[in-house]
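Each remark here refers to the structure printed beneath this line.
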Amino acid sequence: MKKILILGAGIYQVPLIKVAKKLGIYTIVASIPGNYPGFELADKVYYENTTDYRKILSIARREKIDGIVTAGTDVAVITIGKVCDALGLKGLSAEAAELATDKLLMKQCYEKYGVRSAKFRRVTFDDPNYANIISDLRLPVMFKSVDSSGSRGIIKVNSEDEFESARNYVLENTRSDYFVVEEYIEGEEFGAQAFVQDGKLEFILPHGDYVFKGDTGVPVGHFAPYNLDPSILEDAREQLIAAVRAMQLDNCAINADFILSEGETYVLEIGGRSGATCLAELVSIYYGFDYYEKIVRMAIGEKVEFDIDVNSTKQDGVPNASMLLMSDKDGVIKSQEDNNAPNPDIYEVQFDYEPGDEVHKFKVGPHRIGHVITKGKSLDDAVDLLHEALDNISIVVE
Ligand SMILES: Nc1ncnc2c1ncn2[C@@H]1O[C@H](COP(=O)(O)OP(=O)(O)O)[C@@H](O)[C@H]1O
Ligand SMILES: [Mg+2]
């Protein structure tokens, strides 16, 4: 029996755990303790911090695992890279993982290899004169923690008066002693999911993003296909390919965040794992396969077949759309109801919590309380159904 080690036990790892079990793979989950739904699904659980590389490596050795994987979060990607290197498992390298999980290293890599990305500066927290270093950046700028995700530790700064409070906000959300300041790109946010196996890109799927505008943008939903002008689509693909090559990402799922500004695609960041907020589901619906299964199969060393022409620019997959469920206040869930009539085009309505659980007013990705995913004959149908389905869901928070 093959064995897989899944890092994380949260909602983004649950589909990996389920599919691994369905494939008859012995499923080991490692995560810090907490109220995580993956624990009760796994065959075996280790309550360890997934960023603790030594602990995870010793578990991997003891269990003689065939693969290690995660989805929807960057937190454990570096551990995956290191364990894959140490044990010769199929997955991204430690070097690629490091670039993919440090926004400064990533930006430096893009600069070196000519990937289009916002102009930036590195700033150390103990530098009293940091305003000088960033004085040649055009305002507004983004102050960014280099090692966080889900829009945490990232804030838009419109004027110099805001520098100090923004700096302190970043400081509260990072383990690093430096951060990145980069120019704000005015435009439309979008992204792409992709997969690279044995050096070959298997597919590139651009998608539209629904963005919640708080202190910074927070992607709260997605849709595909994203009907961009063919020349813009080609430019986005070129930037993605250049970034994947520059970062030497291989044998992993890819989650790319872009901004389209005046017809040009800027790369915000690229992760070496599948996207959160229903993005793996977006891939599954669009292409008609279980994307989590592909991810798991490759992680245990199989050569995975995709049967997709990566060079084709035809956008002929199944249209679909998704949206997070959010609370507009801090509080406790009193009740939650899905009053939608059964409909095969409502792909999934998920509540992340139970009545009685505490939830937050939505500000960043991890504050999500559920999601809705729909599909349709056309994108308009899928989006209309998404709004209808959302209207039929009632969650009371007090
Ligand atoms: N240079 C930028 N210009 C405009 N918006 C940005 C920029 N950088 C980040 N953002 C906004 O902040 C969000 C989070 O930034 P990102 O670098 O993707 O970090 P995270 O790892 O938190 O997703 C983006 O989705 C986008 O809305
Ligand atoms: Mg992002």
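Counting convention: from 1, in listed order, for ligands and their atoms alike. We're numbering straight along the sequence, starting at 1. Quick note: numbers below take in every heavy atom, side chains included, and nothing from hydrogens, waters or symmetry partners.
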For [atom], which protein heavy atom lies nearest, and how many Å away is it?
{"atom": "atom 1 (N) of ligand 1", "value": "E182 OE2, 2.6 Å"}
{"atom": "atom 13 (C) of ligand 1", "value": "G217 O, 3.3 Å"}
{"atom": "atom 11 (C) of ligand 1", "value": "T216 OG1, 3.4 Å"}
{"atom": "atom 21 (O) of ligand 1", "value": "K103 NZ, 2.7 Å"}
{"atom": "atom 15 (O) of ligand 1", "value": "I154 CD1, 3.5 Å"}
{"atom": "atom 17 (O) of ligand 1", "value": "K144 NZ, 2.7 Å"}
{"atom": "atom 5 (N) of ligand 1", "value": "I259 CD1, 3.5 Å"}
{"atom": "atom 6 (C) of ligand 1", "value": "M142 CE, 3.8 Å"}

Is the backbone of [Y] close enough, under 3.5 Å, to the side chain of [X] for a donor and an acceptor to pair up by distance?
{"X": "Q239", "Y": "V267", "value": "no"}
{"X": "N173", "Y": "Y169", "value": "yes"}
{"X": "E348", "Y": "H371", "value": "no"}
{"X": "E183", "Y": "R138", "value": "yes"}

Could you tell me, atom by atom, which parts of ligand 1 come under 4.0 Å of a heavy atom of [X]?
{"X": "I185", "value": "1 (N), 2 (C), 3 (N), 4 (C)"}
{"X": "D257", "value": "18 (O), 23 (O)"}
{"X": "S148", "value": "21 (O)"}
{"X": "L268", "value": "1 (N), 2 (C), 7 (C), 8 (N), 9 (C), 24 (C), 26 (C)"}

Next item on the list: Measure the spacing between CD1 of I6 and CD1 of I80 and express it to the nearest 0.5 Å.
Entry: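 That separation rounds to 10.0 Å.
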Is any N or O atom of [X], backbone or side chain, closer than 3.5 Å to an N or O atom of ligand 1?
{"X": "A118", "result": "no"}
{"X": "E183", "result": "yes"}
{"X": "D74", "result": "no"}

Are the side chains of [Y] and [X] in contact, using a 4.5 Å heavy-atom criterion?
{"X": "P319", "Y": "D381", "answer": "no"}
{"X": "I295", "Y": "R273", "answer": "no"}
{"X": "R116", "Y": "D235", "answer": "yes"}
{"X": "F190", "Y": "T265", "answer": "yes"}
{"X": "H222", "Y": "C278", "answer": "no"}

Next item on the list: Would you tell me which option among S261, P219, S151 has the nearest heavy-atom contact to atom 14 (C) of ligand 1?
Entry: S151
Next item on the list: Return the option from E189, E269, R152 holding the heavy atom at the smallest distance from atom 24 (C) of ligand 1.
Entry: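 Considering heavy atoms of E189, E269, R152, the nearest to atom 24 (C) of ligand 1 sits in E189.
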Notebook entry, point to check: Angle class for the F289/Y291 ring planes (parallel below 30°, perpendicular above 60°, tilted otherwise)?
Noted result: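 Geometry flag for Y291 against F289: tilted rings.
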Item checked: F195 and F306 aromatic ring geometry - parallel, tilted or perpendicular at 30°/60° bounds ->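 Tilted, since the angle between the ring planes falls between 30° and 60°.
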Next item on the list: Check the Mg ion (ligand 2) and write out every protein N, O or S atom at under 2.8 Å, as residue and atom.
Entry: D257 OD2, E269 OE2
Note to self: Let's go through K314 and D309 carefully: what are the C-alpha distance in whole Å and the side-chain angles of both, what is the deciding distance for salt bridge (Lys or Arg N to Asp or Glu O under 4.0 Å) to 0.1 Å, and is it a yes or a no?
What the structure shows: CA-CA 10 Å; K314 262 197 244 139; D309 175 6; over 6 Å; no
Next item on the list: Taking atom types as modelled, find out whether Y287 and Q193 have a side-chain donor-acceptor pair closer than 3.5 angstrom.
Entry: no
